[in-house]
Chemist: 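Pasting in a structure now, in structure tokens, and then I'll have a few things to ask.
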Amino acid sequence: MRQMVMTRLMLKGMRSPLDRTPASVGLAFENVAFKATDGVDIRGWFIPGAGAKTGGRGPAVVFVHGWLWNRLGNVSGKVPFVDRDVDFLPATRALHDAGYHVLLMDVSNHGESGSRLPITYGPWETRDYIGAINYLRSRPDVDSNRIGALGCSMGGNILLYGTPQCQPVKALLAIQPAVLPNFNRNFARQELGPLGPAMVKASDLLYVFLRAPLPSRHNPAIPARNLGKTIVQYVQGTGDPWGTMEDVEAMRAATPNALPLVKFPSAGRYEGYRYVNEAVSDVAAFFKAHL
């Protein structure tokens with residue numbers, strides 16, 4: 001039964017409800033909708049930067065969330081494994097106060113956005129992200145030459161797969177992206193027991209049937225080679241039991257303009273994601289330096 005639940009979550013995800021808005025931290029926002037490049041409906045919020053001038057154009061940052069999350073981040077206790085709260089609003093507030101527009105979006109199959117099955121953890125979801133970049137470029141208040149992005153986990157993978165296809169994007173902050181077969185093996189062993197990795201490996205057959213990119217061939221270091229002039233900051237938690245420091249180091253090594261890897265002290269996978277909560281000043285400083 002647990003294997004069936006996990007398989008369903010891996011293929012279809014879940015729709016975590018939106019329990020707040022940016023107004024809860026004193027931010028004005030717009031409800032926005034746009035299309036992914038394949039026509040899927042994507043929903044989100046646009047938060048104008050502080051001091052934005054009428055008729056002026058300012059820099060913008062898009063946040064791309066992880067698996068089973070939504071545009072706000074993650075609320076713990078909603079999934080059949082141990083997780084932690086991850087809140088995008090404090091970093092959104094810091095960027096807003098620094099004069100940056102922020103776009104918070106729901107990836108397909110999550111939140112209020114449309115469906116595209118199965119979840120591929122990067123390759124197909126790039127269509128949502130590229131749609132977001134196109135949307136920002138269509139706005140008269142956004143400087144299309146000063147766009148950056150922040151992604152956690154699957155969101156980090158999405159940035160690495162998608163950015164080479166929608167340049168120029170000036171700066172990326174990728175928090176715990178992962179090589180999917182390695183991540184799945186470690187995750188399945190911990191959550192499903194000794195036979196878990198074999199069960200997850202067999203999921204390739206489902207992806208073949210669905211004509212989707214195979215999890216076993218998923219490696220964000222490959223598209224990272226094509227990031228060109230984009231400045232990339234990678235972050236990896238030191239206590240992550242599912243992703244590996246070596247995999248993220250390999251992504252950094254493949255990236256033409258990567259900064260030194262940030263090794264964030266953590267006791268687990270979700271504690272590593274909390275970089276976006278606990279290092280808010282560093283998040284804002286990165287974009288102020290490179291965007």
Side-chain angles (χ1 to χ4, degrees), residues 44 58-67 69 71 73 86 88 91-92 94-95 98 100-105 107 121-123 125-137 142-180 218-237 243 245 247-264 272-273 275-276 279-291:
V61 179
V62 56
F63 282 49
V64 187
H65 62 75
W67 174 54
W69 304 10
R71 70 187 82 161
V86 183
F88 285 163
T92 297
L95 287 167
Y100 291 79
H101 305 309
V102 176
L103 175 62
L104 302 177
M105 59 176 281
V107 175
Y121 304 90
E125 292 76 20
T126 62
R127 302 166 186 174
D128 312 335
Y129 166 62
I130 296 171
I133 297 296
N134 291 342
Y135 168 75
L136 288 174
R137 288 179 178 146
V142 171
D143 183 344
S144 61
N145 292 312
R146 298 181 65 196
I147 293 176
L150 178 154
C152 284
S153 192
M154 177 181 73
N157 293 351
I158 292 168
L159 302 188
L160 300 180
Y161 276 97
T163 298
Q165 302 175 49
C166 61
Q167 294 285 25
V169 176
K170 290 200 70 176
L172 303 179
L173 181 55
I175 302 170
Q176 296 195 141
V179 176
L180 194 60
H218 182 294
N219 185 354
I222 296 172
R225 299 168 187 164
N226 300 315
L227 285 168
K229 295 181 180 180
T230 304
I231 303 297
V232 184
Q233 176 72 79
Y234 291 94
V235 178
Q236 175 62 28
M245 194 70 71
D247 283 345
V248 181
E249 282 280 18
M251 295 178 208
R252 189 202 65 79
T255 301
N257 283 287
L259 302 178
L261 174 63
V262 174
K263 299 179 180 180
F264 184 64
Y273 297 139
Y275 175 88
V276 76
V280 170
S281 60
D282 291 345
V283 171
F286 168 75
F287 287 108
K288 285 190 277 186
H290 301 290
L291 191 57

Chemist: Kindly compute the distance separating CG (Leu172) from CZ (Phe286), expressed to the nearest 0.5 Å.
Modeler: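 Here the interatomic distance stands at 7.0 Å.
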Chemist: Report yes if some heavy atom in the side chain of His218 is under 4.5 Å from a heavy atom in the side chain of Pro123; otherwise report no.
Modeler: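 They are in side-chain contact.
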Chemist: Does any part of the side chain of Glu125, heavy atoms only, come nearer than 4.5 Å to the side chain of Val64, both counted from C-beta?
Modeler: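 They are not in side-chain contact.
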Chemist: Heavy atoms, side chains only, cut-off 4.5 Å: are Tyr234 and Thr255 in contact?
Modeler: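 Contact flag for Tyr234/Thr255 side chains = yes.
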Chemist: Starting at CG of Asn157, measure out to CG of Leu159 and round the result to the nearest 0.5 Å.
Modeler: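 If I round to the nearest 0.5 Å, the distance is 8.5 Å.
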Chemist: Is it true that a side-chain atom of Gln176 and a backbone atom of Cys152 form a donor plus acceptor pair closer than 3.5 Å?
Modeler: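 No, Gln176 side chain to Cys152 backbone: no donor-acceptor pair under 3.5 Å.
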Chemist: Report yes if some heavy atom in the side chain of Trp69 is under 4.5 Å from a heavy atom in the side chain of Val107; otherwise report no.
Modeler: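 Side-chain contact under 4.5 Å: no.
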Chemist: Would Thr163 and Tyr129 count as a side-chain hydrogen bond (donor to acceptor under 3.5 Å, both in side chains) here? Give the steps.
Modeler: CA-CA 8 Å; Thr163 298; Tyr129 166 62; 2.8 Å; yes
Chemist: A side-chain contact here means heavy atoms from C-beta on lying under 4.5 Å apart; do Asp128 and Ile158 qualify?
Modeler: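 No, every pair of side-chain atoms sits at 4.5 Å or beyond.
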Chemist: First locate atom CD of Gln165, then atom OG1 of Thr126, and finally report the distance between them rounded to the nearest 0.5 Å.
Modeler: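 That separation rounds to 5.0 Å.
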Chemist: Does the pair Arg146 and His101 meet the rule for a side-chain contact (heavy atoms from CB on, under 4.5 Å), with working shown?
Modeler: CA-CA 11 Å; Arg146 298 181 65 196; His101 305 309; over 6 Å; no
Chemist: If you look at every heavy atom in Tyr161 and Pro220, which pair is closest and at what distance?
Modeler: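 So the minimum-distance heavy-atom pair works out to OH-N, 3.9 Å.
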Chemist: Within the side chain of Asn257, is there an N or O that forms a donor-acceptor pair under 3.5 Å with the backbone of Val232?
Modeler: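 No; judged by distance alone, with no hydrogens or angles, the pair does not exist.
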Chemist: Taking C-beta and beyond as the side chain, do Tyr273 and Ser153 meet within less than 4.5 Å on heavy atoms?
Modeler: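 The answer is yes, as the side chains (C-beta and beyond) meet within the 4.5 Å cut-off.
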Chemist: Could you tell me which non-hydrogen atom of Gly272 sits nearest to which non-hydrogen atom of Ile175, and how far apart they are?
Modeler: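 Gly272 and Ile175 have their closest heavy atoms at O-CG2, 4.0 Å.
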Chemist: Testing the basics here: between Leu104 and Val102, what is the closest heavy-atom pair and its distance to 0.1 Å?
Modeler: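 Shortest heavy-atom separation between Leu104 and Val102 comes out as CD2-CG1, 3.8 Å.
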Chemist: Ignoring hydrogens, what is the shortest heavy-atom contact between Lys263 and Glu249? Give both atom names and the distance.
Modeler: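 Minimum heavy-atom contact is CE-OE2, 3.8 Å.
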Chemist: Answer whether the closest heavy-atom distance between the side chains of Asn134 and Arg137 falls below 4.5 Å.
Modeler: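 Yes; the side chains approach each other to less than 4.5 Å.
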Chemist: To the nearest 0.5 Å, how far apart are OH in Tyr100 and CD1 in Ile147?
Modeler: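 Spacing of OH (Tyr100) from CD1 (Ile147) equals 13.0 Å.
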Chemist: Quick one: CD on Gln233 to CZ on Phe287, what's the gap to the nearest 0.5 Å?
Modeler: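 Rounded to the nearest 0.5 Å, the CD-CZ separation comes out at 10.0 Å.
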Chemist: Work out which heavy atom in Ala132 is nearest to a heavy atom in Val62; give both atom names and the distance.
Modeler: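 In terms of heavy atoms, the two residues are closest at CB-CG2, 4.2 Å.
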Chemist: Using only atom types and a distance under 3.5 Å, with no angle test, would you say the side chain of Gln236 pairs donor to acceptor with the backbone of Leu261?
Modeler: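 Not a single qualifying donor-acceptor pair exists.
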Chemist: If every non-hydrogen atom of Leu227 is compared with every non-hydrogen atom of Gln167, which pair is closest and at what distance?
Modeler: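 Closest heavy-atom pair between Leu227 and Gln167: O-NE2, 3.0 Å.
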Chemist: Could you tell me whether the side chain of Pro59 reaches within less than 4.5 Å of the side chain of Lys170, counting heavy atoms only?
Modeler: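 In short, these two side chains do not touch, never coming nearer than 4.5 Å.
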Chemist: To the nearest 0.5 Å, how far apart are CZ in Phe63 and CG in Leu95?
Modeler: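 Result: 5.0 Å between the selected atoms.
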